[in-house]
Amino acid sequence: MLPSMLFFLSAILLAPFFAALILKVKAFFAGKKGPPLLIQYYTLIKLFQKGSVYSTSTTFIFKLGPVLSFCCALSALMFLPVAGRPALFAFRGDVILVLYLLALGRFFTIAAAMDTASPFQGMGAAREAYFPIICEAAMFLILILLYVLTSNLQIKAFFQGGQPLLLWHKAGSPLMFVVIALFIILLTENARVPVDDPATHLELTMIHEVMVLDHSGPDLAFIELGSFCKLFFYAGLVARLVWPFETGVPALDLLLFFLALLAVYVAVGVMESVMARYRMDKVPKFVLTSFALAFFAVIVTLELAK
Amino acid sequence: MLVFWVGLLLILLGGVLALLLNRNFMWLKLTAVVLTAAGSLTGLGATLSLLNKAAPATISITYLHLLSLSFKIDGLAAFFLICIFGVALPAVIYSFHYMHRAENPLAVALHYLFFSLLIISMALLVSAADSITFMLFWELMSLSSFFLVIHKHESADNRRAGYLYLAFSQVGAMFLLAAFGLIYGHTGTFGLGNLSGLSQSVRLLIFILAVIGFGSKAGVFPLHVWLPQAHPAAPSPVSAVMSGVMIKTGIYGILRMYALLNLNSPVPGGIMLIAGIITGVLGGVYALGQQDLKRLLAYSSMENIGIILIGLGLGMLGVSAGKPIMAAFGFVGGLLHVLNHAAFKSLLFMAAGMVQHSTGTLSMDALGGLLKKMRLTGIAFLMGSLAIAGLPPFNGFISEFLVYFSGFHGTGLPRHGFVLCLLAIVSLAIISGLALAVFTKALGVAFQGEPRSAAARSATEKGWTMLLPMSALAGLCLFIGLMPKAFIQLAVQAAAGLNPAYGGLPLEPFMELIGQISRFSMLFLMLLILLLALRSQLYQGKTVTKAGTWGCGFTRPNTRMQYTGSSFSASILAFFRPLTKLTEDHPVIRGRFPGATHYLSKVNDLAEMYLRPVIVNPVLALFDKLRWIQHGDVHLYIGYILLTIVVLLFFV
Amino acid sequence: MNYIDTLLSLVLLSILFSFGSSRLPVLIRVIGFQGVVVSGLPLFIGNDHSLGGMAFSLITILIRGLVIPLCIYLIIRRVAIRREVAPIFGHHASMLAWLGLIAAAAFIGNKFTLPVATQNVLLMPTAIALVSGGLFLLMGHRNAIAMVLGYIMMENGIYLVGTTFSSRTHHIVEFGILLDVLAGVMIMAIILQNIKQTFDDVDTDLLQTLKE
């Protein structure tokens, strides 16, 4: 229990660092020096020290939203087997709970955005309600695949210890598609390029960033930290699949896991540097690709299972 | 059992006394509400005490050997009775302040009479033990709810909705009669005993007829057309009862039929699953397209019926495949969703009724900002929305979770079973995504932001009898979500009668799983409270100011510039385009100084669209052709009667 | 992990790309990739590792993977057709069609019990998906070049079945077919150039004006 607690806390503490890595990669591609790697910590501390300005249109939901979405992201992290170690919680069906907790966070992000009466935020909220529908369908397809492979429905059975390697052995080629599909879901759910652009704030075309326009001070800090945690959660899952090997030496395993995590974040950064954000009507196509890939992986796995 | 009858008698008394007391509006309402509420409470208590008995309670009444009615309350019936009384109680309390048309006390008195008849007929039909009793109360239920739908019969729209509902319920009853007739023809008895002696094809035919008949009541696509018309027409407490429990009597019927037929084939499961998937997804999509709050809720009922059908279908599939765990989770998930939906849907209809009561409109694009004016209603609506979107820690999540679990168990089935389970899981995911969009839209457009009209600006909430039931139901939604054990036990008891092949259902897998979830939900709430405390600590001594919403540089925003409900849903509806035919009315803007313009959009329901050209018009044409029969001459009519008798004599 | 199955699943995926893309160069690359895999596969399955067989496979790879795509690419350059070819079906419909196609191919593929297919379960589904995918492309495009590409994809599928069914004795037949395809592509190039000169476009809808 104690090591799991430590891993959980370290995940929260490290999440901002990794998020800053993306900025560094982007700066590298642009030929700039970029912000320091601790920039997100500075931002968080700065925000926590500030006060807030609330819109006169808002209600208590606007204040509840940031805390609740942060709480949901934290709860999701409690189920993540960091570096393949046992997570804080694990029980049958926990994956479904985690997905629904993230949905709860989304509900309140949308509700907080609708609270401001701003048309821009409404626009972002509508998109935030739209794309995850496809994402969730894809996610559940992936779950079906993993269930077929392991006959178990908990994160532990997919991502803990030697399980990922076992998955690769059982169904190598489909799992490849699962990794890609999961990566697309990661980009969509965490509002990264090419679905959303976290770098610009004030445009009509944004999703997540426009929804948090009116938040300030500690509330904004909660949102930021929550989104770092959420990104860490997805990246942790992808990293376990990308680097499924176990050396048997705990310290080395830990190091290798963080290297794999680093690779995932760098991949996100590279994506953001080399791609432009899609036009809004192209985004569903992109997200649908992850659904198609997951579906395809399921079919192929069934074929291979024969 | 006696207490149960006392309860029903009290409810009936409430209705009849209301009619007698129609001179005094206050006394009328008070008597009706108090007696009906007391009766519901008594009924609830009686049902709960019956549950603990080992053998199901039975009773039969014979009148002069002409009419014999028999009743039996087993686990399944008791489960639905709890739902019925449980919704009737808050609904009737709510109606005390809701029914405010003092100028027409007779209409209100009639409303209470039919309301009590509706509750009694529902309670008696779920406890009916033979087909005559069942059909009798089924028809009584349909008729009394018809009169409730046309309560405000001055409006032509309401009358049309009522007639449409009546037509659908009678056509549905026709199918039911056919099903019961088949049973009588093959067994020679009206009793609803075990029918496993019948041949497989006959049993399947009976099942399909029953699914069509009951499906028209439950709102299964494409038999749901009456639903979005009747619910907005009826007064809110009636909509709450109709959507909360009356449409579930269709589900009860299907389940009862399934238990009787003892079909050991994957076909019924398949039918239920496909019906559930189509109903659920389309219900979600159409709910998103609505601008009227009650119509939105009506379509969302359809969506939830879809989830229930998926759960029950998975259960049936599990039975036929010999997978007890899958069967148990499917049935219990579906049944628990019946209870959950009864709780949150009646809550949402009550909140919508409060909105209509105080603003006079239900069009979301004319509302907005109600959360500030109607705090309790808003919070209740928020909690109902969270529950209906299936989000933890509310009750909707528990039932959806169980259904998911059953679906995942089903992926081990061979071919068709696997495909069905895959479709079920994916469509459940899509349905819950849609539900989230639907209710963030309803909440965001109607309750949040700034008021879009003068009516919304001056909205207030008053009437404690309206607020109390809403708060209680909202609390119940959270309570079931946090401590679902007792309710799951109820559902397990109800499901135990369904698959006799396994004897009793295993309770342990549920308890272990649900125990984990409810422990985590508690922890989640504690974490939330901790974080909220941290937040208030962080704001200690900071400057917190108020200002307008930042308009991205635009300095003169007005409330009509807010994102409307139609724009919120436009892109999702576009994704489901072939299913959502959009009618738009938008004159082209011309010239340098264009005049006033307007934009009107309506999402067409596929079933509604094709109802007229495919069914209504051909039937009308046929009857047009047969008009010559109606000659107008009495002698000719007597001739018809003679002819009929002669023809019938040949058959007898 | 079975490498052949991985390759084949990539081929299946490439069909998705061909459905989703509206750019001719992408389509050509997809066809080329499929050609390479399809003609290279006999090197790995089957027992015929004679010199003749190897040489045959290598030549096929060259023609399918390089010559034919290059030819078509050159045609595009010469006739200067628009690179963007909008399919008749929308993106979501195509995606759905692809999913249905894959599922159907997997279902039908299981009906055949072939000795080769027992080791490589994806072989038959891939072949069927290629044939029907080619047909879908033919159906879904107005542009003559895209239609030719659809035809070649279909041919890829047929070849995949053919090579695995037949023992290596039928090289001559296979080779004959290949040359036919090549000749077909060449002829098409000439015809297309003529069409282009007459109509200024290669939209097949315009050909309807020739009806009288």
Side-chain angles (χ1 to χ4, degrees), chain A residues 48 50-57 59 61 67-68 70-71 74-75 89 91-93 96-97 100-101 103-104 106-107 110-111 114-123 125-127 129-130 132-133 136-137 139-141 143-144 147-148 151 153 202 213-214 217-219 222 280 284 298 302, chain B residues 368-369 371-372 382 386 389-392 397 401 404-405 408 411-412 418 422 425-426 428-430 432-434 436-437 440-441 443-445 448-450 513 516-517 520 524 527-528 531-532 535 538-539 542-552 559 561-563 567-569 571-572 575:
Chain A
F48 273 127
K50 289 195 170 198
S52 278
V53 182
Y54 290 109
S55 157
T56 43
S57 309
T59 59
I61 293 183
V67 178
L68 221 140
F70 176 57
C71 186
L74 277 191
S75 318
F89 290 95
F91 47 84
R92 284 193 299 153
I96 301 173
L97 180 64
Y100 272 72
L101 277 174
L104 178 67
R106 187 156 62 237
F107 187 103
I110 296 174
M114 294 301 281
D115 223 13
T116 59
S118 151
F120 302 107
Q121 306 209 20
M123 224 173 268
R127 287 162 190 162
Y130 176 14
I133 298 178
E136 256 180 27
M139 204 66 197
F140 272 97
L141 270 178
L143 280 187
I144 292 175
Y147 184 85
V148 167
S151 307
L153 195 62
L202 330 169
L213 265 185
D214 253 52
D219 278 344
F222 279 127
M280 269 307 157
V298 172
L302 281 187
Chain B
L371 192 54
K372 282 193 259 343
L382 169 69
L386 287 169
L391 297 172
F397 174 72
F401 177 86
Y404 270 123
F405 213 82
F408 275 104
T411 52
F418 172 79
L422 183 140
I425 295 172
V426 171
L428 261 181
I430 292 175
S432 69
L434 281 171
L436 192 138
T440 45
K441 170 186 163 173
L443 183 76
V445 176
Q448 295 180 292
E450 291 289 336
L513 210 66
Q516 301 267 28
I517 289 180
F520 187 81
F524 178 80
L527 184 67
L528 183 64
L531 284 173
L532 283 172
R535 179 181 177 279
L538 281 169
Y539 273 106
K542 301 272 180 63
T543 46
V544 173
T545 44
K546 290 227 160 214
T549 298
W550 192 49
C552 294
T559 54
M561 284 176 192
Q562 291 174 84
Y563 222 48
S567 11
F568 189 90
S569 50
S571 45
I572 306 180
F575 182 75

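For the numbers below, each heavy atom of this structure counts, side chains included, while hydrogens, waters and symmetry mates do not. Here is how names work: the chains are called A, B, and so on, in the same order as the sequence lines, proteins then strands, and each is numbered from 1.
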Quick one: pull up [atom1] in [X] and [atom2] in [Y] and give me the separation to the nearest 0.5 Å.
X	Y	atom1	atom2	answer
B/Q448	A/D115	CD	CG	4.0 Å
B/Y563	A/M114	OH	CE	9.0 Å
A/I96	B/I517	CD1	CD1	8.0 Å
A/F107	B/L382	CZ	CG	6.0 Å
B/L371	A/T59	CG	OG1	4.5 Å

With a 4.5 Å cut-off on side-chain heavy atoms, are [Y] and [X] touching?
X	Y	result
A/F89	B/Q516	no
B/T545	A/Y54	no
A/I133	B/F575	no
B/L538	A/F222	yes
B/I425	A/Y147	no

For [X], is it the side chain, the backbone, both, or neither that has a heavy atom closer than 4.5 Å to a heavy atom of chain B?
X	answer
A/P132	neither
A/S57	both
A/I110	side chain

So which heavy atom on [X] is nearest to which on [Y], and how close?
X	Y	value
B/G548	A/T56	CA-OG1, 3.9 Å
A/P218	B/K542	CG-NZ, 4.3 Å
A/Y100	B/G390	CD2-O, 2.9 Å
A/E136	B/S432	OE1-OG, 3.5 Å
B/L391	A/A103	CD2-CB, 3.6 Å
A/A137	B/I430	CB-CG1, 3.9 Å

Counting heavy-atom pairs under 4.5 Å with chain A, which one of [options] comes out on top?
options	value
B/A547, B/S567, B/G369	B/A547
B/G368, B/A389, B/A437, B/P392	B/P392
B/V445, B/L436, B/L531	B/L531
B/S569, B/G449, B/G433	B/G449
B/F408, B/F418, B/F568, B/F397	B/F408
B/T411, B/V426, B/L528	B/L528

| request: Answer yes or no: does atom NZ of A/K50 have more than 12 heavy-atom neighbours from other residues, nucleotides or ligands under 6.0 Å? | output: no
Give the member of [options] that has the highest number of heavy-atom pairs under 4.5 Å with chain B.
options	result
A/L68, A/L141, A/L143, A/D214	A/D214
A/G51, A/S52, A/P284	A/S52
A/A129, A/S118, A/P119	A/P119

| Check: B/T549 side chain, A/T116 main-chain N or O, donor-acceptor pair, under 3.5 Å | yes
| query | ring pair (Phe, Tyr, Trp, His ring centres under 6.0 Å) with B/Y539: which residues, sequence neighbours excluded? | reply | none
| message | Between B/L443 and chain A, with a heavy-atom cut-off of 4.5 Å, which part of the residue counts as in contact: side chain, backbone, both or neither? | response | side chain
| Given a strict heavy-atom distance threshold of 4.5 Å, which part of B/F524 is in contact with chain A: side chain, backbone, both, or neither? | both
| task | Take A/F140 and B/Y404 through the test ring pair (Phe, Tyr, Trp, His ring centres under 6.0 Å) and record every step on the way to the result. | result | CA-CA 10 Å; A/F140 272 97; B/Y404 270 123; 4.5 Å; yes
